[in-house]
Amino acid sequence: MQLCASYGIPHSRFSGAGDGRWSALDRAKALAYLAYTQASCDGCGTRAAEWDEGMGGDRFAYVPEPYRCPGCELIEMEREQVPDGAEGRGMKIGLRPRKDVTP
């Protein structure tokens, strides 16, 4: 459904069964996916129901697992070089493949 949402296409078309028009089932799936994503935490991706024992969840449903992302590490290292104050306002740092950088 995430791919369907990204491209704005009905699920039936994605699965090869539809003619491109939105059926009632396609709309229901899209609305359910929207509700699911809106109920997910932006930070960790879990939903409150997964933690709430009253809703069938488990307070210890997940275990934290640290990992290092080399890309995020590079971005944070570069961010340390951004000046404070007016000179650094609005500064964004992204990643570009090394092959795309001209020497």
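Predicted model only: the values in this text are computed from it and were never measured.
More than 12 heavy atoms of other residues, nucleotides or ligands shown are found within 6.0 angstrom of CG on D58. With a 6.0 Å radius and a threshold of 12 heavy atoms from other residues, nucleotides or ligands, D42 has its CG atom at or below the threshold.
If you take CD on E50 and SG on C41, they are separated by 10.5 Å, rounding to the nearest 0.5 Å. Between atom CG of residue D19 and atom OG of residue S12 there is a gap of 7.0 Å, rounded to the nearest 0.5 Å. Atom CD of E76 is separated from atom SG of C69 by 9.5 Å, given to the nearest 0.5 angstrom. The CG atom of L74 lies 11.5 Å from the CZ atom of R79; values are rounded to the nearest 0.5 Å.
Checked against a 6.0 Å centroid threshold, the rings of Y62 and W51 count as neighbours.
Using a 4.5 Å cut-off on side-chain heavy atoms (C-beta onward), Y7 and F14 make no contact. When side chains are defined from C-beta on, M77 counts as touching E73, because their heavy atoms get closer than 4.5 Å.
Judged purely by atom type and a 3.5 angstrom limit, Q81 has no side-chain atom pairing as donor or acceptor with the backbone of E78. Side-chain atoms of D52 do not come within 3.5 Å of backbone N or O of A49 as any donor-acceptor pair.
Salt bridge absent: R59 and E53 never bring a charged side-chain N and a carboxylate O closer than 4.0 Å.
Note on W22: it does not cluster hydrophobically with L25, by side-chain heavy-atom contacts below 4.5 Å among ILVMFWY residues. At a threshold of 4.5 Å between side-chain heavy atoms, the hydrophobic network of Ile, Leu, Val, Met, Phe, Trp and Tyr places M1 and L3 in two separate groups.
Between I93 and V82, the closest heavy-atom pair is CD1-CG2, 3.8 Å. Taking both residues in full, the closest heavy atoms of L95 and G71 are given as CD1-CA, 3.6 Å, listed atom of the first, atom of the second, then distance. Nearest heavy atoms, P10 versus G20: CG-O, 3.6 Å. Between S40 and R47, the shortest heavy-atom contact is OG-CG, 3.6 Å.
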Side chains of residues 31-38: which donor-acceptor pairs under 3.5 Å do they make with residues two or more places apart or in other chains?
{"from": "T37", "atom 1": "OG1", "to": "Y33", "atom 2": "O", "distance (Å)": "3.2"}
{"from": "T37", "atom 1": "OG1", "to": "L34", "atom 2": "O", "distance (Å)": "3.0"}

